[in-house]
Amino acid sequence: MAYFEEISKIQYEGSSSKNPFAFKYYNPEETVNGKTMEEILRFSVAYWHTFTADGTDPFGVGTAIRPWDHLNGLDLAKARVEAAFELFEKLNVPFFCFHDSDIAPEADTLKETYEHLDVITAMIKDYMKDSKVKLLWNTANMFTHPRYVHGAATSSNADVFAFAAAKVKKGLEIGKELGAENYVFWGGREGYETLLNTDMKLELDNLARFFHMAVDYAKEIGFDGQFLIEPKPKEPTKHQYDFDVATGHAFLQKYDLDQYFKFNIEANHATLAGHTFEHELRVARINGMLGSVDANQGDTLIGWDTDEFPTDLYSTTLAMYEILLNGGLGKGGLNFDAKVRRGSFEPEDLFHAHIAGMDSFAIGLKVAAKLLEDRVLEDFVADRYSSYTEGIGLDIVEGKANFHKLEEYALQLGNIQNRSGRQERLKAIVNQYL
Ligand code: XYL
């Protein structure tokens, strides 16, 4: 059965095409620096936003019209798998991602939930056999059910810690079964609401214990996917422990976990933390910790995680600039952790949204590659820091300076001359490439 009958496979038609169901810029076969767009961009569909969510928001019920709406329970879960593979195929995306609870309904007992997961995992595996689509990552939902009211691995209740561990154990088994390239931890409720009732040290120590157990179990079963932490500063908790990349990195280093983890960086989480998307990518990149990306965008006028499909070309360009400098995303990809707006409730909007996101990143890739090829920013930055390539600057960089030597040098300096940072000129040059 076809769920999106009216829509055929989306093809690349070029920028002059007026066909809404065509890519204008994303041409999977086109090469950029010797690799195809498909290989570099590694697009992924997020199961939760595209097949599970219905447009519910804090003020109103769902608005989405979906061809599987009339079904329930496991029948609904199965229909979603069928619809998912139809959409993957038609959009020609190479990857998808899910939480356990997106693919199969949670039952009253953990045992029954496992049974549901087994049925749907087998079905997904079957579909994957006849498809080129791979699992970018899976994860466990440890934030929706009331049991996670005080967190999962950072809960004040050890029973919840144990329950969460069982969910991740199962998640790793599923990841292995489906050949997942990564496993994600997003700690939505791993944080606190008030310090008045919180043992922060125990919660953080427990979170590290939990991650070490996950690493051990992955080794035990031979799961070789990359572990990823997805930082977010807040929402739903007031303060989330994986606040941003820098905070998460310090945590991983403190607990000897940095060798096993990288980061899954989400654009809208970066902006919630008061950073730009490219800032988070840069911090991860220069520390060798850039794993994967949740490609979306927020809204400057709204203070929460709006998870919009990415259409801001300035942002996709600067993101792709970081990704290219990183030598690509390795096992990671660009996962559209993005939802159609509540007012875009028709099934075809799922296609328009993904086409918009894929085209926006394709433009970003091409512009970033050209910027790098012309060394627009590299030459400027190299020149800006040239004082460290000779004289006292070179001594500082080579560890040949100390406060005595620097004082001696400073004492004989006349007026210090600085040079302009030329921010506006550089922005204008970037605009010339867009
Ligand atoms: C919510 C988060 C999640 C993670 C996976 O803000 O983005 O959707 O990506 O748990």
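Just so it is clear, the model here is predicted, and its values are computed rather than measured. Counting from 1, the numbers follow the sequence of the chain as shown. Order of appearance sets the numbers: ligands from 1, and atoms from 1 within every ligand.
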For [Y], is there an ion pair with [X] - N to carboxylate O distance below 4.0 angstrom?
X      : Y      : answer
Asp126 : Lys129 : yes
Lys170 : Asp118 : yes
Lys78  : Glu82  : no
Lys125 : Glu177 : yes

- Message: So, 4.0 Å and heavy atoms of Asp294: is ligand 1 close enough to count as a contact?
- Response: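 Yes, that is the case, since the closest heavy atom of the residue is under 4.0 Å from the ligand.
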- Measure the distances from the heavy atoms of His49 to every atom of ligand 1 and state whether one is below 4.0 angstrom.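 Contact check His49 vs ligand 1: negative.
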Flag [X] as yes when one of its N or O atoms lies below 3.5 Å from any N or O atom of ligand 1, and as no otherwise.
X      : answer
Thr139 : no
Asp307 : no
Trp186 : no

Just which atoms of ligand 1 are under 4.0 Å from any heavy atom in [X]?
X      : value
Asp305 : 6 (O)
Trp48  : 8 (O), 9 (O)
Lys232 : 6 (O)

How far is [atom] from the closest protein heavy atom, and which atom is that?
atom                    : value
atom 7 (O) of ligand 1  : Asp337 OD2, 2.5 Å
atom 10 (O) of ligand 1 : His99 NE2, 2.7 Å
atom 2 (C) of ligand 1  : Glu230 OE2, 3.3 Å

- Item | Evaluation steps, side-chain contact (heavy atoms from CB on, under 4.5 Å), between Leu257 and Phe227 | CA-CA 10 Å; Leu257 284 160; Phe227 280 113; over 6 Å; no
- Return yes if a side-chain donor-acceptor contact under 3.5 Å exists between Glu278 and Tyr321, otherwise no.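 There is no such pair between these side chains.
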- Message: Taking the cut-offs as 6.0 angstrom to the six-membered ring centre and 45 degrees off its axis, would you call Arg147 and Phe163 a cation-pi pair?
- Response: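 Yes, a cation-pi geometry holds between Arg147 and Phe163.
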- Quick one: do Cys97 and Trp137 satisfy side-chain contact (heavy atoms from CB on, under 4.5 Å)? Show the steps, please. CA-CA 5 Å; Cys97 296; Trp137 51 261; 3.5 Å; yes
- Taking heavy atoms and a distance under 4.0 Å, where does Asn264 meet ligand 1: side chain, backbone, both or neither?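 Neither; nothing of Asn264 gets under 4.0 Å from ligand 1.
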